[in-house]
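Following: one structure in C-alpha cells, then a few remarks.
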There are 2 protein chains.
Amino acid sequence: MMVGIVDVAKKANVSTATVSRVLTKPETVRETTTEKVLKAIEALNYQPNLIARQLRRLETKTILVVVPDITNPFFSKVLRGIEAVAVAKGYQVLLGDTGNDVEREKGYLNILQQKKADGMVLLTARMDAAAVEEVARSFPVVLACEYIEGSRIPTVSIDNISGARKATEYLIDLGHERIGCITGPLDIVLSRDRLKGFYQAMARKNLIVDPVLVQEGDFSFDSGFNLMMKFFALGQLPTAIFAASDDMAMGVIKAIKSKDLKVPEDISVLGFDDLKFSSIFEPALTTIAQPAFEIGENAMELLMKLIHKEEVKREQIILADQLVVRESVGTI
Amino acid sequence: MMVGIVDVAKKANVSTATVSRVLTKPETVRETTTEKVLKAIEALNYQPNLIARQLRRLETKTILVVVPDITNPFFSKVLRGIEAVAVAKGYQVLLGDTGNDVEREKGYLNILQQKKADGMVLLTARMDAAAVEEVARSFPVVLACEYIEGSRIPTVSIDNISGARKATEYLIDLGHERIGCITGPLDIVLSRDRLKGFYQAMARKNLIVDPVLVQEGDFSFDSGFNLMMKFFALGQLPTAIFAASDDMAMGVIKAIKSKDLKVPEDISVLGFDDLKFSSIFEPALTTIAQPAFEIGENAMELLMKLIHKEEVKREQIILADQLVVRESVGTI
DNA sequence: ACTCGGATTGTAATCGTTTACATACCTAAC
DNA sequence: GTTAGGTATGTAAACGATTACAATCCGAGT
C-alpha cells in the first residue's frame with residue numbers, strides 16, 4: 001500500500017541514499033542513475049513522507065499564525081499577506097484562531113515548543129507578556145499589529161498613536177471641539193495607543209475632553225451602536241466622534257441615523273482600519289487606512305529572517321498609515 | 001539544549017518506555033512512578049516532539065483546508081466552523097489559500113499524499129474532477145459548499161438550485177415578471193446551480209427570460225456594479241434582479257443609486273449568502289442565507305468520520321438555506 | 001516458603017527519511 | 001599498467017518518539 005523510499009530504491013536497483021539524493025541534491029548523482037530513479041518514482045507514484053523528512057531535518061517548513069478572529073476582514077487580510085510570502089518561500093501556515101480567548105491563545109504557544117512549527121506570528125497579544133517573552137527566547141516569534149510594551153520581540157505595525165492623533169487633529173482642524181472617542185478594549189495596547197493619540201491631539205490644541213464622551217467598546221459594530229445610543233440617552237452629544245475601528249464607526253452612524261440625524265451634517269464620524277466595506281457604506285467612511293496585506297508580508301519576511309538566523313537590523317517595523325477622506329466627516 | 005524523552009527517563013531513573021506511557025496511557029503505570037516522571041518532566045520543562053510521535057503513529061492530527069479566498073467573509077466563516085470542531089477533536093488546521101488559482105489548488109493535493117495532513121476539506125473545486133477523485137480514493141476528503149457532479153465524494157452544502165428557485169419565486173410572487181439574473185462564474189457548479197434554479201422558477205410560472213438580462217459575474221462587488229451599468233447602457237432594465245452573491249447585489253444597488261433610482265421602489269434586488277454586512281447595508285438586503293458556520297462544522301465532522309473509518313450513512317449533507325426578507329425587494 | 005499470574009517496567013525494533021562516512025568507480029596523467 | 005584524485009554510490013547511524021515482547025516485581029493462595 002504505502003510506498004516508501006526503499007521500494008523505489010529496490011525498483012531502481014540503487015540504495016535509498018541515492019534515491020534521497022536524486023530528490024534533494026540532484027547535482028551529485030549521475031545523469032543515467034537519476035533517470036532510473038525518476039522512472040521508478042514515476043512508476044510507483046512515490047511521494048516522500050514529509051513527516052519523516054522533518055524529523056530528520058528538525059524543521060517543519062510550517063509556521064503558526066495566531067489570529068483573534070479569522071472572520072474579521074482586517075485580520076484575514078493580514079493573514080493573506082503572511083500566506084503569500086510563506087508559500088513563496090516554501091512554507092505552509094498553520095492557523096490558530098483564538099476566538100478572542102486568552103486561554104486558547106496561550107495554548108498555541110505549545111505548538112511551537114512541540115516542534116510542530118518553525119516559527120510563529122501573533123496577531124494578538126492579550127496573554128501575559130512574560131509567557132510570550134519566554135517562548136520568544138527559544139523560538140522565532142514576531143508580532144504583527146500588536147506589540148508588547150518594553151519588549152524586544154520583533155514587531156511590525158503602524159504607529160497607532162500618531163495615526164489616532166492625525167485623525168483627531170483632522171477633526172479639530174475642521175472646527176470640531178467637542179469630540180467623543182469610542183475606544184477598543186483597553187486591555188489591548190493598540191487600543192490604549194489610539195486613545196493616547198486622541199488625548200495628545202486634544203491637548204496640543206488646548207481642548208478639554210469631556211470624560212463622558214470617551215467610552216470603551218470592543219471593536220464591534222454593536223458596541224459602536226450601543227455606545228452612541230448611550231450618548232443619546234445621556235443627552236451628551238459631541239459634534240464629532242473618533243471610533244477606533246470602522247466596524248464601530250458604522251455602528252455609531254447607524255445609531256445616529258436611527259435618531260433621524262445625519263452624518264456628517266449633524267455629527268461627524270471618523271473610523272480606523274479602512275475595510276473594503278467602508279467605502280461602500282453610506283456615507284462612505286473617512287478613516288485611517290492600515291496596510292493590512294503589507295503588515296502580513298513584512299511580518300512573514302521578518303520571521304523568515306529569524307528562522308534563518310539572519311541579522312535583523314530593525315526589530316520594530318512601522319508601516320505608514322494614511323488618512324483617507326471620504327464623506328463621514330464634515331466641518332462644524 | 002533540546003530536552004528529549006531520554007533526558008526525562010534518565011532524570012527519573014526509568015526507561016523511555018515508561019515516560020512515554022505516563023504521557024499516553026497513564027493507567028498502566030504505578031502511581032509513584034508516574035509522580036517521579038511527572039516531576040522530571042516538570043523540572044526539565046519537557047515537551048514531547050510531535051513530529052516524532054506523528055512519524056511513529058503515522059498520523060498528523062492535522063487537516064488541510066483549501067479556500068479560494070480567505071479574505072471573503074463567507075469562506076472565513078465556514079473556516080471558523082471547521083476550526084471549531086477541529087480543535088475540539090484535537091486537530092489542527094493547515095490553511096491553503098489558493099487566491100482563486102487552479103494551479104495552486106492542485107498543488108495542495110500533494111500535502112495529503114506527502115502525509116502532512118490526515119485529511120482535507122475543499123471549499124473550492126475548480127480543478128479537474130478526476131484529480132480530486134483520484135486523491136479522494138486514497139485519502140479522506142470532503143467538499144464543502146461546492147460539489148463535483150456525479151462524484152461520490154462526501155459533500156456538505158445547501159441546495160443551491162432550490163435556494164435560487166425560492167428566491168426567484170419570491171420575486172415573481174411579488175409581481176415581477178421581467179427579472180434579471182447576475183450569476184457567479186459559470187465554471188463553478190454552484191453558480192450553474194443557482195442559475196438553473198432561476199430558470200426553473202421562471203419556467204414554472206411561465207415567464208420568459210430575456211437572455212440579455214442574464215449576465216455572468218464573478219461574485220465580486222465590482223462585477224455586480226459593472227453588469228448593472230451595462231444594463232443601463234443597453235437601456236434594458238428589469239424590474240427585479242437576482243444576484244448570486246450579496247457582494248454583487250450590493251454592487252448592483254450602488255449602480256442603481258448612481259442613476260438616481262431607488263431600491264426597491266424602482267428596481268428590486270435580491271442577493272445570496274447573507275453576509276454580516278448585508279443587514280447593515282442600506283437598503284438592508286433581502287437575501288438567501290447560507291449557514292456558513294454550520295457547513296464548516298458538518299464538513300469537519302464528516303471528515304472526522306472518514307479519518308476514523310466510521311460508517312458514513314449519507315454522503316451528501318444538505319443544510320437548510322433560508323430566505324431572509326429585508327428591504328431591498330418590493331412589490332411591482 | 002514457594003508458586004503462579006497479573007501488574008509494572010525495560011529492551012530494542014520501528015516509523016521513513018537524511019547524511020556522515022566508507023567504499024567503489026572512473027578518468028587522466030605518468 | 002599504475003595510481004592519484006575526484007565522482008558516484010552504498011552502508012548504517014541518526015532524528016525522537018511508540019510499542020511488541022521479554023523480563024521483573026509483588027502479593028495472594030497453598
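Chain identifiers are assigned alphabetically (A, B, ...) following the order of the sequence lines, protein sequences preceding nucleic acid strands; residue numbering begins at 1 within each chain.
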Completion exercise
Of the listed D/dA17, C/dG16, C/dG10, the closest approach to the B/Ala17 side chain comes from C/dG10
Practice task
Looking at every strand, decide which applies to B/Thr24 at a 4.0 Å heavy-atom threshold: base, sugar-phosphate, or nothing.
Solution key: sugar-phosphate
Practice task
Compare the minimum distances between each of C/dT17, D/dG10, D/dG16 and the side chain of A/Ser15, then state the nucleotide with the smallest one.
Solution key: D/dG10
Exercise for the section: Look at the side-chain N and O atoms of A/Lys25 and state whether any lies under 4.0 Å from the OP1 or OP2 oxygen of C/dT19. Expected result: yes
Problem - Flag, side chain of A/Thr155 to backbone of A/Gln316, donor-acceptor distance under 3.5 Å - result: no
Exercise for the section: Nearest whole angstrom, please: distance from the C1' of D/dT7 to the CD of A/Glu27. Expected result: 13 Å
Exercise for the section: Measure from the side-chain heavy atoms of A/Thr18 and tell me the nearest of D/dA17, D/dT9, C/dG16. Expected result: D/dT9
Handout entry: Salt bridge B/Arg80-A/Asp97, side-chain N to carboxylate O under 4.0 Å
Key = yes
Exercise for the section: Just compare C/dT19, C/dT17, C/dT9 and give me whichever is closest to any side-chain atom of B/Thr33. Expected result: C/dT9
Practice task
Choose from C/dT9, D/dG10, C/dT19 the nucleotide whose nearest atom is closest to any side-chain atom of A/Ser20.
Solution key: C/dT19
Exercise for the section: May I ask you to say whether A/Lys106 pairs ionically with A/Asp128, meaning some side-chain N is under 4.0 Å from a carboxylate O? Expected result: yes
Practice task
Flag the pair A/Lys39 and A/Glu42 as a salt bridge only when some basic side-chain nitrogen lies within less than 4.0 angstrom of an acidic carboxylate oxygen.
Solution key: no
Exercise for the section: May I ask you to verify whether the side chain of B/Arg56 and the base of C/dT14 hold a donor-acceptor pair under 3.5 Å? Expected result: yes
Problem - Side-chain donor-acceptor contact under 3.5 Å, A/Ser151 with A/Glu133 - result: yes
Problem - Atom pair distance, as rounded to whole Å: CG in B/Leu55 and P in D/dA17 - result: 12 Å
Practice task
Quickly work out the B/Ile5 CD1 to C/dT14 P distance and round it to whole Å.
Solution key: 19 Å
Exercise for the section: Quickly work out the A/Gln114 CD to D/dG16 P distance and round it to whole Å. Expected result: 15 Å
Exercise for the section: Check whether any side-chain nitrogen or oxygen of A/Arg30 sits under 4.0 Å from OP1 or OP2 of D/dA8, and answer yes or no. Expected result: no
Handout entry: Rounded distance (Å) that lies between atom P of D/dT19 and atom CD of B/Glu59
Key = 9 Å
Handout entry: B/Tyr46 OH - D/dG16 P separation (whole Å)
Key = 10 Å
Exercise for the section: Pick base, sugar-phosphate or nothing for A/Val6, based on heavy-atom distances below 4.0 Å to the nucleic acid. Expected result: nothing
Handout entry: Per B/Asn49 side chain, nearest of listed nucleotides C/dT18, C/dA20, D/dA17
Key = D/dA17
Exercise for the section: Would you kindly give the NZ-to-P distance between B/Lys10 and D/dA17, to the nearest whole Å? Expected result: 13 Å
Exercise for the section: With heavy atoms under 4.0 Å as the rule, sort B/Leu58 into base, sugar-phosphate or nothing. Expected result: sugar-phosphate
Exercise for the section: Identify which nucleotide among C/dT19, D/dA20, D/dA17 has an atom closest to any side-chain atom of A/Arg57, counting heavy atoms from C-beta outward. Expected result: C/dT19
Fill in the blank from the handout: Here the distance between atom P of D/dT7 and atom CZ of A/Arg21, to the nearest Å, is 14 Å
Practice task
Verify, without hydrogens or angle tests, whether B/Glu105 (side chain) and B/Arg126 (backbone) share a donor-acceptor contact under 3.5 angstrom.
Solution key: yes
